[in-house]
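Residue numbering restarts at 1 for every chain, and letters A, B, ... go by the order of the sequence lines.
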2 protein chains.
Amino acid sequence: MKETKPSPAGDLRVAESFRRWVAMPVDQASCPVRDVLDRLGEKWVTLLVMALVERPRRFSELFRLVPDISKRSLTQALRSLEQDGIVTRHVFPTTPPAVEYRLAPLGATMLEPLAAMIAWAEDNHGRIRAARRRYAAAEAKRSGASGSASS
Amino acid sequence: MKETKPSPAGDLRVAESFRRWVAMPVDQASCPVRDVLDRLGEKWVTLLVMALVERPRRFSELFRLVPDISKRSLTQALRSLEQDGIVTRHVFPTTPPAVEYRLAPLGATMLEPLAAMIAWAEDNHGRIRAARRRYAAAEAKRSGASGSASS
DNA sequence: CAGAATCCGTAACGATACTG
DNA sequence: CAGTATCGTTACGGATTCTG
C-alpha cells in the first residue's frame with residue numbers, strides 16, 4: 001500500500017495527461033481534453049454514434065430510434081459530429097430528399113474507447129446507484145438528527 | 001462490405017449496447033448510458049478525476065490547479081463525484097478546517113477506460129480540428145458562392 | 001422527408017459576498 | 001480554509017411553425 005504503486009494501467013497515462021493539461025494554456029481550442037471531451041459530453045452525441053455503428057441511418061430513422069430527442073437537437077448533434085469528421089452526411093437528390101448519416105473512418109476509431117466507457121458504465125451502474133442511496137441516507141441523517149428533513 | 005464485418009473490436013460491443021439501450025425504458029435513472037455518461041459529461045467532472053489520480057488533493061489545491069473554475073462549480077462537481085462513490089471526502093477537524101478529496105476504489109476502476117478516451121482525444125485532436133476547418137471552408141463557399149459571407 | 005427559423009423555459013455556470 | 005447563499009447571465013434544449 002505504501003510501496004511502488006500497482007498502477008493497474010490507466011493511472012500513469014491519466015496522470016501524465018493531467019500534467020500536460022496543467023501546463024497548457026487555458027484556451028479551449030488548443031486543449032484536447034476540453035475541446036474533444038466536452039463535445040462528447042453534449043447531450044446526444046455519444047448516443048447517436050452508438051446508433052450509427054451497425055449501419056448508416058436516415059434522419060427520420062434516428063428520430064424514431066431516440067424517442068425523446070427533438071428535431072432541433074438531433075440536427076444540432078449531427079452537425080456537431082459532421083463538423084468534427086465523426087460522421088458523414090449524404091444527400092440523395094430524390095423527392096422528397098433522403099439524407100443518410102454514416103460513421104466516418106475517424107468515428108470508427110473512437111468505438112474502441114467508447115465501448116470501454118460504456119462497458120464501465122454498465123458494469124458499475126449498480127454500484128453508483130448504491131453509492132447515491134448511501135449518500136442520500138447519510139444526508140437525511142445529518143439534517144434529521146438535529147432538525148427536520150428539508151428539500 | 002457485404003460479408004462478415006471486420007469489427008475492429010469495439011463495434012460489436014457498442015452495437016450491442018445500443019440494442020440494449022433501444023429496448024430500455026426512457027427513464028433516466030435505469031439506463032447506464034444516460035445515467036452515468038451524462039454525469040461524466042458535466043463540465044469539470046472528468047478533469048477533476050484526472051487531477052486526483054496522482055494523490056489526494058485539498059479543496060484549495062484543486063481550485064488553484066484548475067484555473068478557470070468557480071468555487072461553486074468545484075463544490076458541485078466534487079459533490080457529484082462523492083455521491084456516485086467516485087471520490088471520497090475527508091475532513092480534518094483542524095482550525096481552519098482542511099478537506100481532502102481522494103479517488104475512491106470505484107473511481108480508480110474508471111481510469112482505464114478514461115485513459116483510453118483521453119488518448120483518443122489527444123491522438124485525434126489534430127484530425128478533428130482539420131475536419132472543422134474543412135467544414136467551415138465548405139460552408140463559407142456555399143454561402144459565398146451566391147451571396148455574401150455571414151456570421 | 002429533412003431541415004431552418006422562431007420562441008421560450010430551464011438549468012448550468014460564473015462572480016460576488018458572507019459564514020463557521 | 002472550505003464552503004454556502006444569492007444573483008445574474010448564458011447557453012442548452014424542447015415545442016412549434018414554416019419551407020423546398
Side-chain angles (χ1 to χ4, degrees), chain A residues 26-28 34-35 37-48 51-52 56-83 87-102 135 139 142-143 146-147 150-151, chain B residues 26 28 34 37-48 51-52 56-83 87-102 135 139 142-143 146-147 150-151:
Chain A
V26 182
D27 98 87
Q28 170 86 10
R34 289 172 190 254
D35 201 33
L37 274 306
D38 277 11
R39 263 298 168 82
L40 301 183
E42 285 170 18
K43 197 169 193 185
W44 304 102
V45 168
T46 59
L47 207 50
L48 289 174
L52 292 174
R57 307 262 192 189
R58 295 186 42 190
F59 186 89
S60 53
E61 205 178 347
L62 292 168
F63 191 58
R64 271 191 306 275
L65 231 39
V66 182
D68 54 349
I69 197 174
S70 67
K71 283 169 78 167
R72 186 181 191 276
S73 297
L74 178 56
T75 303
Q76 277 187 7
L78 288 171
R79 287 282 179 280
S80 181
L81 288 164
E82 193 194 353
Q83 277 179 38
V87 308
T88 57
R89 177 174 177 271
H90 261 266
V91 182
F92 298 96
T94 58
T95 48
V99 179
E100 183 184 271
Y101 293 89
R102 177 187 300 263
Y135 186 92
E139 195 184 30
R142 265 200 307 282
S143 61
S146 68
S150 66
S151 174
Chain B
V26 183
Q28 171 85 9
R34 288 171 190 256
L37 275 304
D38 278 10
R39 264 296 170 83
L40 302 183
E42 284 170 19
K43 197 169 191 185
W44 304 101
V45 169
T46 59
L47 208 49
L48 289 174
L52 293 173
R57 309 262 190 188
R58 294 183 42 187
F59 185 90
S60 52
E61 205 179 346
L62 293 168
F63 191 57
R64 271 191 307 274
L65 230 41
V66 182
D68 53 348
I69 196 174
S70 66
K71 283 168 78 165
R72 186 179 192 277
S73 297
L74 179 55
T75 304
Q76 278 187 7
L78 288 170
R79 289 280 180 279
S80 181
L81 287 164
E82 193 195 354
Q83 278 179 37
V87 308
T88 57
R89 177 174 176 271
H90 261 265
V91 182
F92 299 97
T94 57
T95 47
V99 179
E100 185 184 272
Y101 292 89
R102 177 187 299 265
Y135 185 92
E139 195 183 30
R142 265 199 305 282
S143 62
S146 67
S150 65
S151 170

*May I have the distance from B:Leu78 (atom CG) to D:dT4 (atom C1'), rounded to whole angstrom?*
15 Å
*Taking A:Ser80 for its side chain and A:Gln76 for its backbone only, find out whether a donor-acceptor pair lies under 3.5 Å.*
no
*How many Å lie between CZ on A:Arg64 and P on C:dC1, as a whole number?*
7 Å
*Applying side-chain contact (heavy atoms from CB on, under 4.5 Å) between A:Leu81 and each of A:Leu52, A:Thr46, A:Val45, A:Thr88, report the one that passes.*
A:Val45
_Atom-pair distance (CZ on A:Arg79; C1' on C:dG3), nearest Å_ = 7 Å
*D:dG13 P sits how many Å from A:Ile69 CD1, rounded?*
9 Å
_Measure CH2/B:Trp44 against P/C:dA12 and give the value in whole Å, please._
15 Å
*Length of the CZ-P vector between A:Phe92 and D:dG20, whole Å*: 23 Å
_Using the rule given for side chain to side chain contact (heavy atoms under 4.5 Å, CB included), can you reason through A:Val26 versus A:Arg34, listing the C-alpha separation, both sets of side-chain angles and the distance that settles it, and then say yes or no?_
CA-CA 9 Å; A:Val26 182; A:Arg34 289 172 190 254; 4.2 Å; yes
*B:Lys43 NZ to C:dG14 C1': how many Å, rounded?*
9 Å
*Check the distance between D:dT4's P and B:Phe63's CZ and give it to me in whole angstrom.*
14 Å
_Nucleotide of D:dG3, D:dC1, C:dG3 approaching A:Phe59 most closely (side-chain heavy atoms)_ = C:dG3
*Do B:Lys71 and D:dG3 have a side chain to base donor-acceptor pair shorter than 3.5 Å?*
yes
_From the set D:dA2, C:dG14, C:dA2, return the single nucleotide nearest to any side-chain atom of B:Ser60._
D:dA2
_Any side-chain to backbone donor/acceptor pair from A:Arg89 onto A:Glu82? Under 3.5 Å, distance only._
no
